[in-house]
J.: 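Sharing a structure below in structure tokens format, with a few things to ask.
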Amino acid sequence: MKSPGQPIAIVCAFAWGVCGARSAGVAAIKEQTFHRDSSAKAVVYSRIIDSRGPYLRLVSGGVNIDITRSKMVARIEMPDGIPESIMEEEDIAPLRETLADVRAFATRYPSSARLMAQQIAALDSYVSRFEAGDVRHEGAWMSRNQFAGIEETRRREAAAVARAEVEKRVFEAGQRDKGLMLSDSKWMTKVETERRPPEAPTELSDSIEPLWNGDLDAARFAVKNLAILAARQTGAPKVRTERLMSAVRNLFQAETNLTNQIIARAGEAHEAAKHDRNAKKWLIPNAFGTIHKDASRDSLRKAAEIRQQSADALAARRRELREQLREIETVSADFQKLREQRVALILGAAARAVTARHFTEAELRPAEADDSLASVREPVPPEDDSSSTR
């Protein structure tokens with residue numbers, strides 16, 4: 001750290017990002033206030049700390065420079081960056097004003113001119129490009145004709161998307177007028193949907209197939225599959241897929257939270273035990289035969305607080321997991337109504353696996369029985385005569 005009275009050094013060249021972090025501005029420093037402005041030294045700073053005492057602290061290139069308040073005769077702040085969009089005069093006006101201020105500062109304090117040369121050149125180029133008729137759009141300079149072309153292309157794309165959406169809705173309305181319904185991305189009559197075996201594989205059940213294993217890695221695969229499926233769906237099927245994805249994600253996130261809390265509880269128990277030991281130590285007479293009952297009680301209180309907070313956190317995580325397991329049951333029941341029996345059963349298998357890891361049967365009994373799950377684990381026979389296990 002520079003101490004008061006020592007010479008001020010120019011720490012680094014001023015530029016956006018040149019000193020490692022963005023520099024905030026340049027200060028003009030004089031040893032004596034009556035010295036000429038041309039003799040002032042320029043210092044780039046990233047921050048000025050004003051303790052309201054006789055000194056100011058300039059943070060420059062990671063170095064603290066302390067000076068008497070009177071020595072800093074002027075300073076100029078630099079903009080954080082250039083706006084992404086410069087379309088009208090009101091957008092360029094702040095840069096134009098900054099350019100004029102920086103030039104005036106460099107003229108008055110010549111030692112700052114070299115430090116701010118890059119900024120002056122950059123600001124001048126932006127103002128010049130705007131005055132020449134260019135505009136800045138999404139961080140890139142272009143002619144107004146180029147910008148107009150981009151806008152026209154986007155307008156056409158938006159119109160095409162809107163037109164396609166209208167055509168899609170008209171088509172779907174026509175299909176429903178014919179008495180058809182969308183089931184597993186296919187338009188079917190009600191009779192056809194009822195003929196389909198409820199336990200037959202569908203896009204949804206195939207997406208969550210990994211969940212038969214009921215572990216976290218399986219859940220990650222299932223959520224990824226559902227996200228891919230939802231991305232190409234619209235309307236009610238998309239809503240159903242997203243609801244299923246949310247339920248799976250929330251269940252395994254709740255389990256992860258509970259697992260993390262169980263791990264953290266071991267450390268909390270260790271911390272509480274330390275306070276218990278301290279409480280006993282305070283009751284052992286020292287060399288003067290003195291014991292410290294207040295300190296002992298304080299240690300016991302801290303131990304009790306840690307244990308209580310740990311128990312409360314664990315209980316909260318267990319409640320959260322119970323709620324998500326109940327939500328899985330609700331989602332499963334809804335998909336059963338949609339004749340997505342296989343989806344319901346895979347969810348049941350996942351719920352059973354999670355439940356078994358954290359609850360006894362007395363605490364939480366799963367809705368699906370083991371024999372129900374086993375009966376549909378391989379409900380659709382393979383096309384050839386050989387048997388396979390999923």
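Fair warning: this is a prediction, and the values are worked out from it, not measured in the lab.
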J.: Taking V331 as the starting point, is it possible to reach V239 by hopping between hydrophobic residues whose side chains are less than 4.5 Å apart?
T.: no
J.: Considering all heavy atoms of both residues, which atom of G214 and which atom of A218 are nearest to each other, and what is their separation?
T.: N-CB, 4.4 Å
J.: Side chains of Q324 and V354, heavy atoms from C-beta outward: is any pair under 4.5 Å?
T.: no
J.: Can you give me the closest heavy-atom contact between Y126 and L95, atom names plus distance?
T.: CB-CD1, 4.5 Å
J.: Counting only N and O atoms by type, is there a donor-acceptor contact under 3.5 Å from the side chain of S310 to the main-chain atoms of I306?
T.: no
J.: Quick one: closest heavy-atom pair of V26 and S112, and the distance?
T.: CG1-CB, 4.1 Å
J.: Taking the side chain from S205 and the backbone from V343, do they hold a donor-acceptor pair closer than 3.5 Å?
T.: no
J.: Mind checking whether F221 and F252 sit in one hydrophobic cluster, side chains of I, L, V, M, F, W, Y counted as touching below 4.5 Å?
T.: no
J.: Under a 4.0 Å threshold between the charged nitrogen and the carboxylate oxygen, would D91 count as salt-bridged to R136?
T.: no
J.: Do L58 and V44 have side chains that get closer than 4.5 Å, going by heavy atoms?
T.: no
J.: Step by step, work out the side-chain contact (heavy atoms from CB on, under 4.5 Å) result for N278 and K281.
T.: CA-CA 5 Å; N278 289 338; K281 289 178 181 178; 4.3 Å; yes
J.: Determine the sole option in V73, I67, I65 for which the side-chain contact (heavy atoms from CB on, under 4.5 Å) test with I29 is passed.
T.: I67
J.: So which pairs with a foot in residues 245-269 pass salt bridge (Lys or Arg N to Asp or Glu O under 4.0 Å), sequence neighbours left out?
T.: E255-R357
J.: For residues L314 and L258, determine if any side-chain heavy atom of one lies less than 4.5 Å from a side-chain heavy atom of the other.
T.: yes
J.: Salt bridge check: are R103 and D124 linked by an N-O gap of less than 4.0 Å?
T.: yes
J.: Taking atom CH2 as the centre, does W282 end up with more than 12 heavy-atom neighbours from other residues, nucleotides or ligands that are less than 6.0 angstrom away?
T.: no
J.: So N250 and E327, do their side chains get closer than 4.5 Å, heavy atoms only?
T.: no
J.: Mind checking whether F105 and Y109 have ring centres under 6.0 Å apart?
T.: yes
J.: Are I86 and I150 connected, step by step, through hydrophobic side chains (Ile, Leu, Val, Met, Phe, Trp, Tyr) whose heavy atoms are closer than 4.5 Å?
T.: no
J.: My understanding is that only one of E138, R144, Q146 makes a side-chain contact (heavy atoms from CB on, under 4.5 Å) with M142; could you say which?
T.: Q146
J.: List the steps, then state whether salt bridge (charged side-chain N to carboxylate O under 4.0 Å, His left out) holds for E305 with R301.
T.: CA-CA 6 Å; E305 286 179 353; R301 178 185 57 78; 2.8 Å; yes
J.: Taking atom types as modelled and ignoring hydrogens, do the side chains of E320 and N257 form a donor-acceptor contact shorter than 3.5 angstrom?
T.: yes
J.: Is a side-chain N or O of R318 found less than 3.5 angstrom from the main chain of H358, in a donor-acceptor match?
T.: yes
J.: Taking the side chain from K238 and the backbone from A230, do they hold a donor-acceptor pair closer than 3.5 Å?
T.: yes
J.: Taking S46 for its side chain and V59 for its backbone only, find out whether a donor-acceptor pair lies under 3.5 Å.
T.: yes
J.: Could you see if I228 belongs to whatever hydrophobic cluster contains L204? Use Ile, Leu, Val, Met, Phe, Trp, Tyr and a side-chain cutoff under 4.5 Å.
T.: no
J.: With the threshold set at 4.0 Å, does a side-chain nitrogen-carboxylate oxygen contact exist between D50 and R69?
T.: yes
J.: Please tell me if the side chains of L99 and R96 come closer than 4.5 Å, counting only heavy atoms from C-beta onward.
T.: no
J.: Is it the case that the side chain of T241 and the backbone of P237 share a donor-acceptor pair, with hydrogens and angles ignored and the cut-off at 3.5 Å?
T.: yes
J.: With side chains defined as the heavy atoms from C-beta onward, is the minimum distance between I208 and V223 less than 4.5 Å?
T.: no
J.: Find the distance between CG (N260) and OG1 (T256) and round it off to the nearest 0.5 Å.
T.: 6.5 Å
J.: What's the spacing between E31 CD and T68 OG1 if we round to 0.5 Å?
T.: 8.0 Å
J.: Please tell me whether I346 and L216 are part of a single hydrophobic cluster in this structure, the criterion being side-chain heavy atoms less than 4.5 Å apart.
T.: yes
J.: State, to 0.1 Å, how close A303 and A272 come at their nearest heavy-atom pair, and which atoms those are.
T.: CB-O, 3.5 Å
J.: Has T355 got a side-chain atom pairing as donor or acceptor with A351's backbone, closer than 3.5 angstrom?
T.: yes
J.: Where the side chain of S296 meets the backbone of H292, is there a donor-acceptor pair that is under 3.5 Å apart?
T.: no
J.: Rounded to the nearest 0.5 Å, what's the gap from CG on L321 to CD on Q261? Could you check?
T.: 13.0 Å
J.: Given side chains that start at C-beta, do those of V248 and L347 come closer than 4.5 Å, heavy atoms only?
T.: yes
J.: For atom CD of E152, is the number of surrounding heavy atoms from other residues, nucleotides or ligands below 6.0 Å larger than 12?
T.: yes
J.: Find the distance between NZ (K30) and NE2 (H35) and round it off to the nearest 0.5 Å.
T.: 9.0 Å
J.: Using a 3.5 Å distance criterion without hydrogens, assess whether the side chain of R342 forms a donor-acceptor pair with backbone atoms of T202.
T.: no
J.: Can you tell me how far the CG atom of L345 sits from the CG atom of L211, to the nearest 0.5 Å?
T.: 13.0 Å
J.: Take K280 and D276 through the test salt bridge (charged side-chain N to carboxylate O under 4.0 Å, His left out) and record every step on the way to the result.
T.: CA-CA 7 Å; K280 293 180 181 179; D276 285 338; over 6 Å; no
J.: Side chain of S246, backbone of E242: donor and acceptor closer than 3.5 Å?
T.: no
J.: Set out, in order, the CA-CA distance, both residues' side-chain angles and the distance that settles salt bridge (charged side-chain N to carboxylate O under 4.0 Å, His left out) for E329 and R326, then state yes or no.
T.: CA-CA 5 Å; E329 289 183 4; R326 296 309 183 198; 3.0 Å; yes
J.: Indicate the ring-plane relationship of H137 and F147, choosing parallel, tilted or perpendicular according to the 30° and 60° boundaries.
T.: perpendicular
J.: Which atom pair, heavy atoms only, marks the closest approach of P110 to S38?
T.: CD-CA, 3.7 Å
J.: Would W141 and V135 satisfy side-chain contact (heavy atoms from CB on, under 4.5 Å), going step by step from the backbone distance to the final call?
T.: CA-CA 6 Å; W141 286 97; V135 295; 5.5 Å; no
J.: Restricting to non-hydrogen atoms, name the atom on A40 and the atom on S111 that form the minimum distance, rounded to 0.1 Å.
T.: O-OG, 2.7 Å
J.: Do the side chains of L244 and S207 get nearer than 4.5 Å, heavy atoms only?
T.: no
J.: To the nearest 0.5 Å, how far apart are CZ in R75 and CG in L56?
T.: 8.5 Å
J.: Give the C-alpha distance, both sets of side-chain angles, the deciding distance and a yes or no for side-chain contact (heavy atoms from CB on, under 4.5 Å) between E77 and Y45.
T.: CA-CA 9 Å; E77 301 284 334; Y45 64 86; 2.6 Å; yes
